Each structure stands twice: as C-alpha cells, then as structure tokens.
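Letters A, B, ... are given to chains in the order of the sequence lines, protein chains preceding strands, and every chain is numbered from 1. Note that the structure is predicted; figures quoted are calculated from it, not measured.
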Amino acid sequence: GENVEQHPSTLSVQEGDSAVIKCTYSDSASNYFPWYKQELGKGPQLIIDIRSNVGEKKDQRIAVTLNKTAKHFSLHITETQPEDSAVYFCALSGSARQLTFGSGTQLTVLP
Amino acid sequence: NAGVMQNPRHLVRRRGQEARLRCSPMKGHSHVYWYRQLPEEGLKFMVYLQKENIIDESGMPKERFSAEFPKEGPSILRIQQVVRGDSAAYFCASSSVTGHSYNEQFFGPGTRLTVL
C-alpha cells in the first residue's frame, strides 16, 4: 500500500523567513499530493495540492514542488507569519481515492 | 456555503457503551470518507462511502465498527462496546465526482471521542 514519510516533525522559524517541509513516498502509482494545515482543535484545511502531471504549483506565499522520479514533494512557505503556526500534513492518493497522510510537522513562527 | 458538518463535536462514553458520530458532506458532494486521528499522529483512513454503498472499508477494524451513508440523511460512524483505545478524534471528509475534483477532500471539524 501507499506509505509517506514527512520531515521534519518540528520546525521553528523567525517571522519573515521561509519554511520547507518534505515528504517522500514509495508507490509510483501515487498521483495526487495535497497539503493540509491543522490548527489546534480543528479539522485539516486543504491549503494547496498538486497532481502528478505538474512539477510545481504556487499560490501566493505557498508553493509545492513534486519530483516524481525521486518520489518526493515539498511545501514551501515564504515570508512566514505567526498565523502560519500550525501542524502541516502532507498526503497522497493514487488508484484508491482515500488519502494516506504523513505524520505531520509542527511549524512555529517566532515573532 | 456550509462546509462539512460533524456532530457531536465532543462525545464522552463509558466503556461498553455505543458511540454514534454523524457527518453531513458539503453541498453537492456524494463521497464521504472517515479518518481517525490519535493524539500527536496523522490521520488514518477508515472507510469510504457513497450514497447507500460502502466502497472501501479496508481501514475499519473488523469488529465493533460500522459505517453507513443512507440515501437521506448524514453518514454515520458507529462504534459498539467502546474501549479506551477508541478515544481519538474522528474526522469526516467529502468530495465531489466531477473531473479531477473527486480527489479534493474537505474535512469537517471532527468529533473528539473520549472513553472513560
């Protein structure tokens, strides 16, 4: 089945700096790669996603890159703000529509 | 523009009781997924349903757990004879069927189950 590893588990950055979170996977049939932000006590919120026919996607301060050959994808947040502090999860799916999630990254943006 | 709705938000049960968790998908969505999240962990898939059909229940424990998505009304995740290990946050997500958007899953706020 699909498996995904996420690093780092915790990340602290200064406000205004960039944050990068990386996920690696093993199943080459995976073709959809979303990222979710989860704030304390809330459900995961879809922030950006990418499909296997695209190498990069950007939405304002957030970007995702995908390297299908190396089987890894990354979330990039630029100009971080304190409200970006949350747990971020990568996920993926392939022929089966359910999502397989990474273990999460606790991002803390220090003012 | 209501999103995915779940209730109750918090549920406390004693060991041996039954827990019923409800999920109403986003308007226009006919696919529902249930996930479980243990403290400090990622979400784990449990079951995928369409109206009146269970499509994939490979993540469901074999005993005590069941799910349904009737023609009318919300999807229900039912846990019989709860044990302390069932304490977790249970999230429902929904997606539509058109084009690529079937992949995009939108999550509800979750039900936090505590078993005493």
Side-chain angles (χ1 to χ4, degrees), chain A residues 1-10 21-25 27 29-54 57 59 64 66 73 75 86-107, chain B residues 2-7 9-10 21 23-26 29-50 53-60 67 88-112 114:
Chain A
E2 293 164 334
N3 187 40
V4 57
E5 292 191 7
Q6 182 171 347
H7 297 282
S9 57
T10 60
I21 303 169
K22 183 176 177 179
C23 288
T24 59
Y25 62 98
D27 188 348
S30 300
N31 58 17
Y32 174 65
F33 308 89
W35 285 88
Y36 286 86
K37 175 184 181 182
Q38 187 176 27
E39 295 175 322
L40 194 62
K42 296 185 178 181
Q45 176 193 0
L46 179 65
I47 56 171
I48 196 167
D49 58 12
I50 194 168
R51 300 181 193 279
S52 58
N53 58 344
V54 177
K57 184 177 178 180
D59 182 4
V64 56
L66 171 64
F73 57 112
L75 177 70
V87 179
Y88 290 82
F89 290 97
C90 65
L92 54 79
S93 68
S95 54
R97 293 187 179 178
Q98 62 265 28
L99 295 172
T100 299
F101 282 82
S103 53
T105 297
Q106 174 68 63
L107 174 64
Chain B
V4 178
M5 299 174 67
Q6 290 188 249
N7 66 82
R9 296 291 308 276
H10 300 273
L21 288 61
C23 168
S24 296
M26 284 179 69
H29 285 190
S30 58
H31 295 218
V32 165
Y33 309 78
W34 285 93
Y35 294 83
R36 177 164 62 178
Q37 185 177 35
L38 296 172
E40 311 282 324
E41 293 188 12
L43 287 78
K44 297 286 194 289
F45 167 74
M46 299 181 74
V47 62
Y48 164 34
L49 310 105
Q50 296 177 19
N53 274 311
I54 296 174
I55 306 303
D56 185 340
E57 55 182 348
S58 59
M60 287 274 271
Y90 292 83
F91 291 97
C92 166
S94 73
S95 68
S96 67
V97 296
T98 55
H100 280 161
S101 61
Y102 71 77
N103 283 135
E104 296 169 347
Q105 295 184 23
F106 298 92
F107 282 79
T111 294
R112 279 144 187 88
T114 301

Requested in this report: Would you indicate whether the side-chain heavy atoms of B:Ser58 and A:Gln98 approach each other to under 4.5 Å?
Outcome: yes
Requested in this report: For B:Tyr35 and A:Phe101, indicate whether the former's side chain and the latter's backbone hold a donor-acceptor pair under 3.5 Å.
Outcome: no
Query raised in the report: Does any heavy atom of chain B fall under 4.5 Å from the side chain of A:Ser103, the backbone, both, or neither of them?
Result: backbone
Query raised in the report: Within a radius of less than 6.0 Å around CE of B:Met5, do more than 12 heavy atoms belonging to other residues, nucleotides or ligands occur?
Result: no
Requested in this report: Measure distances from A:Pro44 to the heavy atoms of chain B and classify the residue's part below 4.5 Å as side chain, backbone, both or neither.
Outcome: both
Query - Exercise: identify the closest heavy-atom pair between B:Gln105 and A:Tyr36 - result: O-OH, 2.6 Å
Report summary line: What one should report as the nearest heavy-atom pair of A:Phe89 and B:Gly42 is CE2-CA, 3.4 Å
**Report entry** Full working for side-chain contact (heavy atoms from CB on, under 4.5 Å) between B:Phe107 and A:Lys42
**Finding:** CA-CA 9 Å; B:Phe107 282 79; A:Lys42 296 185 178 181; over 6 Å; no
Query raised in the report: Is it the side chain or the backbone of A:Gln38 that comes within 4.5 Å of chain B heavy atoms, both, or neither?
Result: side chain
Query - Smallest separation among heavy atoms of B:Tyr33 and A:Arg97, with atom names - result: OH-CB, 3.7 Å
Query - Check against side-chain contact (heavy atoms from CB on, under 4.5 Å), B:Phe106 and A:Leu46 - result: CA-CA 7 Å; B:Phe106 298 92; A:Leu46 179 65; 4.0 Å; yes
Report task. Check whether B:Gln6 gets within reach of chain A through its side chain, its backbone, both or neither, counting any heavy atom under 4.5 Å. Result -> neither
